[in-house]
Amino acid sequence: MEQVVEEKGKWESKFPAFPYKPYSIQIDFMNSLYHSLNKGGVSMLESPTGTGKTLSIICSALQWVVDRRQQQKSEKEGDSGKNRDDECGSDDEPDWMKGFVVNKDDQGQEKKNKTKKYGVGFGKPDKRGNQESCRDLFSQRMEGEDLVTKKEGENLQKKNDAVELSDEEFLLEDYESDEEGSGGKSKRKAGGGSLSLSSDGEEEEDHSDEEEEEKLKVYFCSRTHSQLSQFIKELRKTEFANEMHVVCLGSRKNFCINKEVSKLGNSTRINERCLELQKNNKKEVSKIKNLGAGGRIRRTKACSGCPMLRKPKLQRQFRGEISQQGALDIEDLVNLGRNMGTCPYYGSRSMVPAADLVILPYQSLLSKSSRESLGLNLKNNIVIIDEAHNLADSLISMYDSKISLSQLENVHSHIGRYFERFRNLLGPGNRRYIQTLMVLTQAFLQSLLEGTSVDLPQTSGANGVFYGSMAINDFLFSLNIDNINLVKLVQYIKESNIIHKVSSYGDKMASLQKCSAHHDTREFSEEESTLSGFRALSDMLQSLTNNNGDGRIIVSRSQSTCSGQKGGYIKYVMLTGEKIFSEIVDQAHAVLLAGGTLQPIEETRERLFPWLPPNQLHFFTCSHIVPPESILPVAVSRGPSGQSFDFSYSSRSLSIMIQELGLLLCNLVTVVPEGIVVFFSSFDYEGQVYDAWKASGIMERIMKKKRLFREPRKGADVESVLKEYKETINTLSIGDSKENPASQSGAILLAVVGGKISEGINLSDGMGRCIVMVGLPYPSPSDIELIERVKHIEGLGTSNPMKPPKFSVTEEAYNGDAKAGFDILRSCRRRGKEYYENLCMKAVNQSIGRAIRHVNDYAAILLVDARYSSDPSNRSLSHPTNKLPQWIKNRLVSSTDSYGEVHRRLHQFFRFNKKRGSQ
């Protein structure tokens, strides 16, 4: 690692974009990150929350890009004596700016030439000369759009663009499958000049300029959109915000400004409706009249497609505004798109090729299909993954797939009706694959229906639910479908457009059966959506093509509900992230994992990049910027009445335990100023405690001193609750409000570990003067997916990876049973048990890290459970407090004689910091 430069002036010359004098740990962090980029490969950088980590990432990573471009320019000048980029800008421009300032006329002419060669589109041609705009299954262009013959054009004209279409619209093109080769293909009618469209339904210029694609980029991703907005906020403090091309990507749900689409609510339905509108637009564009001798005129209905994408000129203006205004977050882009009347989602996507810095959520970068859909090129670029404390689980969860019983019944019914209608018109290839799909869906249905002869391992769980878990091959053999070529079937689904054909035909038939024309046929639940069902089926089939040991199949059968409907689902749970992550590492120049609590790092290394020896992994960590007297972490083992705290799975619901916790809070509200945040293990347990306190009168005692708030289950409602919580603290803490009782001072917030408040929310200053962690929030051992991951991780690094470790209970026995789940955890020797413990302590560290957000902040942290308390000299490596961040562990009061000692320490702590703050 490079030597840390602390003298003033030296850090300014190395990281001149840093807006003010950095702390020494920030200089250390920036030097370490810069060194990591020089080295390349995988690095992990840990810096406690509240230490200016984001700003350090920005100033170091982007400065490395500037320096690297300058170095490349110098090398080219040394080789050729003249750098081509010199022609693109004046001498007073920054060197790295000259790399992408080009002559617009020349650029336009070059793109016109590409248009002539490839056809108008968003992507490059594939081997067959066809363009791919998006490879995602539901955003891909409708391949093989027919050019309308002269006679068909006349018929269309006679119909005067009538909305009703014949069933011929839903007929699939002939599909030829090369049984001996690698795949199949749809037949395409001869006759050149087929119209190519971008994924947003417009005629687009080709933005995949090779020079732009080769330009060094930084991809920064984080878990939530709010965290991305915070990154933009920090970026604006630096000169890079206006000097580099920055684009922020997000989901359709966050970007959509079409009120008719955004009102649908959930992401799935918004995605489907958006793509459906584009598909409709493409249909209308493809209605072309042949007017002899190859002359073709495009005729487009004014009402087709999304109204936010009808004017390509506005999209170009939108891109121009982004370039001029500098770094914009999602809210800024949405407001800009709304004011201009054009789609910000596709407008921002089109900026990626020219960008220097791309800011995007986890899913967009870590999912291969999303990367391909967005056209992200990681080759030789930099990838920075923030909030990487649970990266392995976040990564593999993106590759899970699930299909419910109702979805299977819907899809099976639609395929059957479609096949019955068109079987005599379909070619042999289509007939064979559609029949195969019917066989598969029928087999999946049999596995979920009670009373079938399908041999699936299963046991009874809670609430009448029956679970089964098995490997892929066992699942296929049990259903007698192991002889089906799933790879070719998945390829057929992607290439043949069968999903949209069958779904559209089903929607038409459903609309004809509806008597009331005023009902919108799209008003169905997410599970009832035909398109959602087909997507779930396609994802499941894709999952079944994985290696046998990569994941597990979980079959859940449930008894009939009160409405008479049967539940159940089939789910594929991905267990290994090594191959997924290696695709990113192999392409990128450097991959940096950053976060406030990355330790223990060995688990992450074993799960994501086991090929990298521990001594070759670059890991950096630093202490906190706050002085020791600004934090008071205490292990609270006993309550005010002397009752020992035990919030383990078997004891936490005891009335005496809930009562003692209430008495603790009654005392805390008298000594802690401003805001107290109490974290519970789950929403259910928080609700149980709240109801008990309300019935016993404890809640009334608490509210005499502080106003009480509760974290809502809906993430969308959290912001308003936090706003009112903060306003209450600011108002009541002053003490001179006429509207509030003089006895009240501040507020108390009941929150949940794993909820939105525990992840990425800033509880600085008065919002988090005291953080109370109730118990150890271990995940439920009755979670079948969790236990599958535990078993898989326990087997990592074994001498014979094909032979899994033996457990004291059969793998079927634990399904849905907490006691049996505990038995399996006790059977784990090391890795599986460590993983389970790490899940708990990472959640604890994330929650208590919401407080202490800047150098002048201060807070008390109370770890309420006897299991936190111990003699430091007798602690084992697996003791919970050994997994706390170093800056907290070093200051932890690990044992107290009674609650009286805790209360005394709190009183002294807040009195000291109040006095210090007033000086």
Side-chain angles (χ1 to χ4, degrees), residues 136-139 200 223-229 248-280 305-309 329-331 333-335 337-338 341 343-346 348-349 360-364 367 370 373 397-398 400-404 406-407 410-411 499-500 503-504 506-507 510-511 514 516 518-536 539 561 563 565 567 569 683 711-723 752 754-757 759-760:
D136 182 76
L137 181 58
F138 292 93
S139 62
D200 56 14
R223 290 165 58 86
T224 65
H225 287 93
S226 61
Q227 289 166 346
L228 297 180
S229 296
C248 189
L249 303 180
S251 65
R252 285 181 173 88
K253 182 177 181 180
N254 287 87
F255 268 118
C256 184
I257 59 173
N258 184 336
K259 293 181 180 179
E260 294 300 314
V261 178
S262 60
K263 73 178 183 180
L264 295 175
N266 69 60
S267 299
T268 300
R269 295 178 67 187
I270 289 174
N271 289 342
E272 290 177 359
R273 184 59 182 142
C274 173
L275 295 169
E276 181 184 347
L277 285 173
Q278 295 175 61
K279 180 168 65 75
N280 292 341
C306 178
M308 301 303 162
L309 284 169
D329 62 17
I330 292 176
E331 185 178 354
L333 292 168
V334 169
N335 290 334
R338 186 175 287 117
C343 177
Y345 174 76
Y346 282 105
S348 59
R349 275 180 53 163
L360 66 171
Y362 264 25
Q363 177 76 29
S364 300
S367 168
S370 296
S373 174
S397 66
M398 295 177 188
D400 290 351
S401 57
K402 178 181 177 181
I403 187 165
S404 67
S406 61
Q407 287 176 317
N410 192 13
V411 170
I499 287 177
H500 286 293
S503 299
S504 299
D507 290 343
S511 64
K514 278 187 174 287
S516 303
H518 64 276
H519 286 300
D520 188 348
T521 59
R522 287 184 299 275
E523 290 182 359
F524 37 62
S525 69
E526 179 179 341
E527 277 211 338
E528 292 171 345
S529 164
T530 306
L531 209 55
S532 294
F534 269 110
R535 186 191 64 253
D539 290 345
T561 62
S563 60
Q565 294 182 338
Y569 60 83
F683 279 106
E711 178 175 4
R713 287 179 180 262
K714 287 186 177 181
D717 299 332
V718 169
E719 186 175 350
S720 60
V721 171
L722 283 175
K723 182 180 179 182
V752 174
K756 193 167 183 178
I757 291 176
E759 294 278 349

Any side-chain heavy atom of [X] sitting closer than 4.5 Å to one from [Y]?
X	Y	result
Val334	Ile257	yes
Arg535	Leu531	no
Tyr362	Met398	yes

Looking at residues at least two apart in the chain, or sitting in another chain, which of them share a side-chain hydrogen bond (donor to acceptor under 3.5 Å, both in side chains) with Ser229? none

Rounded distance (nearest 0.5 Å) linking atom [atom1] of [X] with atom [atom2] of [Y]:
X	Y	atom1	atom2	value
Glu276	Cys306	CD	SG	12.0 Å
Ile330	Asn335	CD1	CG	12.0 Å
Lys259	Arg338	NZ	CZ	8.0 Å
Arg349	Leu249	CZ	CG	8.5 Å
Glu331	His225	CD	NE2	12.5 Å

Can you name the closest pair of heavy atoms from [X] and [Y] and give their distance?
X	Y	result
Tyr346	Cys274	CE1-SG, 4.1 Å
Gly265	Ile270	O-CD1, 3.7 Å
Ile757	Leu722	CD1-CD2, 4.2 Å
Arg252	Tyr345	NH1-OH, 3.6 Å
Cys248	Ser348	O-CB, 3.7 Å
Ser267	Lys253	OG-CD, 3.3 Å

Between Ser251 and Asn254, is there a side-chain donor-acceptor contact under 3.5 Å, judged purely by atom types and distance? yes

When you check the side-chain N and O atoms of Glu272 and Ser532, is any donor under 3.5 Å from an acceptor? yes

Go through Phe683 and Glu711 one step at a time and tell me if the side-chain contact (heavy atoms from CB on, under 4.5 Å) criterion holds. CA-CA 9 Å; Phe683 279 106; Glu711 178 175 4; 4.2 Å; yes

I'd like to know if the side chain of Ser364 reaches the main chain of Leu360, judged simply by a donor and an acceptor atom lying under 3.5 Å from each other, with no hydrogens or angles considered.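 Such a contact is absent between Ser364 side chain and Leu360 backbone.
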
Exam field: side chain Gln407 to backbone Ile403, donor-acceptor pair closer than 3.5 Å: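 Not a single qualifying donor-acceptor pair exists.
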
Applying side-chain contact (heavy atoms from CB on, under 4.5 Å) to Asn410 and Thr530, what does each step give before you reach the verdict? CA-CA 7 Å; Asn410 192 13; Thr530 306; 3.7 Å; yes

Verify side-chain contact (heavy atoms from CB on, under 4.5 Å) between Asn258 and Leu277, making sure each step is shown before the conclusion. CA-CA 11 Å; Asn258 184 336; Leu277 285 173; 3.9 Å; yes

Stepwise side-chain contact (heavy atoms from CB on, under 4.5 Å) test for Ser406 and Tyr569: CA-CA 9 Å; Ser406 61; Tyr569 60 83; over 6 Å; no

Yes or no on salt bridge (Lys or Arg N to Asp or Glu O under 4.0 Å) for Glu759 and Lys756, after CA distance, side-chain angles and deciding distance? CA-CA 5 Å; Glu759 294 278 349; Lys756 193 167 183 178; over 6 Å; no

